[in-house]
Amino acid sequence: MAESWVNLAERIGSDLHLELSGAGGRRAVLIRALRDAVREGRLAPGTRLPPYRSLAADLGIARNTVADAYAELVAEGWLTARQGSGTRVAERAAPPARTRVPKRAPSRPATPAPPAYDLRQGQPDAASFPRTAWLAAARRALNSAPNEAFGPGDPQGRVELRRALAGYLGRARGVRTDPERIVVCSGFAHGLRLLFGSGGGGMLRGPLAVESYGLGFHRSILDTAGVRTVPLGLDEKGARIEELTDGQRIRAVLLTPAHQFPTGGPLHPTRRAAVIDWARTQNGLVLEDDYDGEFRYDREPVGAVQGLDSERVVYMGSVSKSLSPGVRLGWLVLPEHLIDGVLAAKGEREAWASVIDQLTLADLIESGHYDRHIRHMRQRYRHRRDQLVAALATHAPHISPTGVAAGLHAVLRLPPGTEQSTAKAAAWQGLALEGLADFRHPKATMPAPDGLVVGYSTPPEHAYGAALEALCRALPPG
């Protein structure tokens, strides 16, 4: 059949075109055209079609062809035919138009709007990552690396990095070690898992003494490993080491002796000596978390406790504060009797720490760029700290900051009973920060002072002044 069009507007009161083309006989083509018109809604339910004689004349085809097409569509339910009413589109000839309902996303808690200013602790200034120096170190490291470096990784870590760390930690932190005592990992949390395992499957067992204030994330790792933690009280001299002998049968103690987290301040020299004495007499172990030991401002450097007894202390560090938490590199400096067990826990091949990153960090340290970066960031963070202290002195002199001699955060001591209301006021000001209570051990018995933990390293430089203004507006009046 040659291509043909028929306009039924005059006959059925609407603008309708039937395309009578395509493969098949005339009857099949007409049936398909009418069916498509109904299905697509161009022929609405109840619409009266022209008599088959008239339509046959318009199309130039036999009347029987149109009659047969009508009859078949009536049989299929597309059309209806009644005496005296003619042929009409059936009321339910076409399925009702389907309303497209968007698929429901899995139920999720509402995502709050991002804060205007981030004063949470624990993050370095992301904009200050030494990109140029890191890239140059990566190029040098890749060019000089032996071919075997790109094979299966050594679970102890690349010897280049372990040598560089042994030298750096010895001169910068007073750590007594050699490359064979160092095991590279992906950070402090990974180190805890290597030591304690999961479900009680690690080398070390509880109970483990911890400081009354610390990261809940670390406590959750220990809880998962089936390790019971016992909180030690804190005062102006740091952790109360004498509580280790209170009949708890403590096997190890986890401390932040260079800068107690989060309250601030170093462990007093007499207590540093006391914890080593305890470890020697009780066959105990000290876990030293040196999370930000490089950053001190108004005091002499505080060396690592590990330097007092390398066989009784596990020294744990990472680059999460000095460089970036995005560089997943950390290290354990181990007593000799723990090395084999930690390596067995890691497995036969390195599965966590990138060899490329290890080689790059080794070069960064050996070339002196790591030290230069630390010195630069120490000055930058000290300036940030000074701005915070000055803003408080001007706008909230009744609020005293503590722990500001070192690190990347300060604790603002608040009037009793005001921590929760101040945290809410800070949220209204667009601030993200944490209350001191967020870090308290659930079984701590020492008094619970009110305070805010304010990180001053995270906000970008251009927003820091506004962040301090918002903070001061949120603080309770004097």
Side-chain angles (χ1 to χ4, degrees), residues 145-146 148-166 169 175-210 217-229 249-255 279-280 282-291 304-306 309-320 327-359 361-362:
E148 55 86 15
F150 304 100
D154 182 349
Q156 190 163 0
R158 288 298 304 177
V159 66
E160 296 92 339
L161 178 57
R162 290 187 283 114
R163 280 199 298 257
L165 285 172
L169 295 174
V175 174
R176 294 163 50 196
T177 188
D178 58 62
E180 298 309 311
R181 287 175 174 256
I182 297 176
V183 174
V184 176
C185 58
S186 67
F188 181 84
H190 185 206
L192 277 185
R193 293 186 177 100
L194 290 174
L195 291 170
F196 291 96
S198 59
M203 294 179 301
L204 304 184
R205 301 285 189 273
L208 171 70
V210 298
F217 171 58
H218 294 163
R219 289 195 295 268
S220 68
I221 292 174
L222 296 166
D223 289 342
T224 301
V227 177
R228 181 169 68 90
T229 56
R249 298 182 61 186
I250 301 297
R251 300 185 181 187
V253 56
L254 172 60
L255 300 173
R280 289 170 176 168
Q282 301 297 321
N283 194 28
L285 192 67
V286 179
L287 308 182
E288 181 175 11
D289 178 6
D290 195 28
Y291 67 100
V305 171
Q306 190 267 1
D309 193 331
S310 60
E311 289 300 319
R312 292 295 173 187
V313 180
V314 175
Y315 178 88
M316 308 172 74
S318 76
V319 297
S320 64
V327 180
R328 303 305 307 150
L329 286 178
W331 46 85
L332 303 174
V333 180
L334 296 164
E336 190 171 352
H337 67 279
L338 293 179
I339 296 173
D340 290 343
V342 169
L343 292 178
K346 281 200 77 176
E348 295 182 1
R349 297 183 179 183
E350 175 58 65
W352 301 94
S354 163
V355 167
I356 306 298
D357 286 349
Q358 291 184 57
L359 293 171
L361 180 59

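The model shown is predicted, which means the values in this text are computed figures rather than measured ones. Side-chain atoms are counted along with the backbone in the values below, which use heavy atoms only and exclude waters and symmetry mates.
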Which atom names give the shortest non-hydrogen contact between [X] and [Y], and what distance separates them?
X    : Y    : value
L194 : K346 : CD2-CG, 3.6 Å
G157 : Q358 : CA-OE1, 3.4 Å
V327 : V319 : O-CG2, 3.4 Å
Y315 : A304 : CE1-CB, 3.7 Å
A189 : F217 : CB-CE2, 3.7 Å
G187 : R328 : CA-NH2, 4.2 Å

* Asked: Hey, does W331 have a side-chain heavy atom less than 4.5 Å from the side chain of L161?
  ->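 Side chain of L161 against side chain of W331, heavy atoms only: no contact under 4.5 Å found.
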* Answer whether the closest heavy-atom distance between the side chains of P146 and E160 falls below 4.5 Å. =>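 Yes; the side chains approach each other to less than 4.5 Å.
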* For I182, the option from V159, V175, L332, T177 that meets side-chain contact (heavy atoms from CB on, under 4.5 Å) ->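 Checked V159, V175, L332, T177 against I182; only one passes side-chain contact (heavy atoms from CB on, under 4.5 Å): T177.
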Spatial distance of atom [atom1] ([X]) from atom [atom2] ([Y]) [nearest 0.5 Å]:
X    : Y    : atom1 : atom2 : result
F188 : D290 : CZ    : CG    : 10.5 Å
L204 : R251 : CG    : CZ    : 9.5 Å
Q306 : L334 : CD    : CG    : 10.0 Å
R312 : L285 : CZ    : CG    : 8.0 Å
D309 : R280 : CG    : CZ    : 4.0 Å
L192 : L254 : CG    : CG    : 6.5 Å

Between [X] and [Y] (side chain of the first, backbone of the second, donor and acceptor by atom type, cut-off under 3.5 Å), is there such a pair?
X    : Y    : result
E350 : V355 : no
E288 : V305 : yes
Q156 : E180 : yes

* Run the numbers on L195 and M316 for side chain to side chain contact (heavy atoms under 4.5 Å, CB included), then give the verdict. => CA-CA 11 Å; L195 291 170; M316 308 172 74; 4.2 Å; yes
* Thinking salt bridges, do E311 and R181 make one under a 4.0 Å N-O criterion? ->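 R181 and E311: salt-bridged.
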* So, are E148 and R158 salt-bridged, with charged N and O less than 4.0 Å apart? ->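 Yes, this pair counts.
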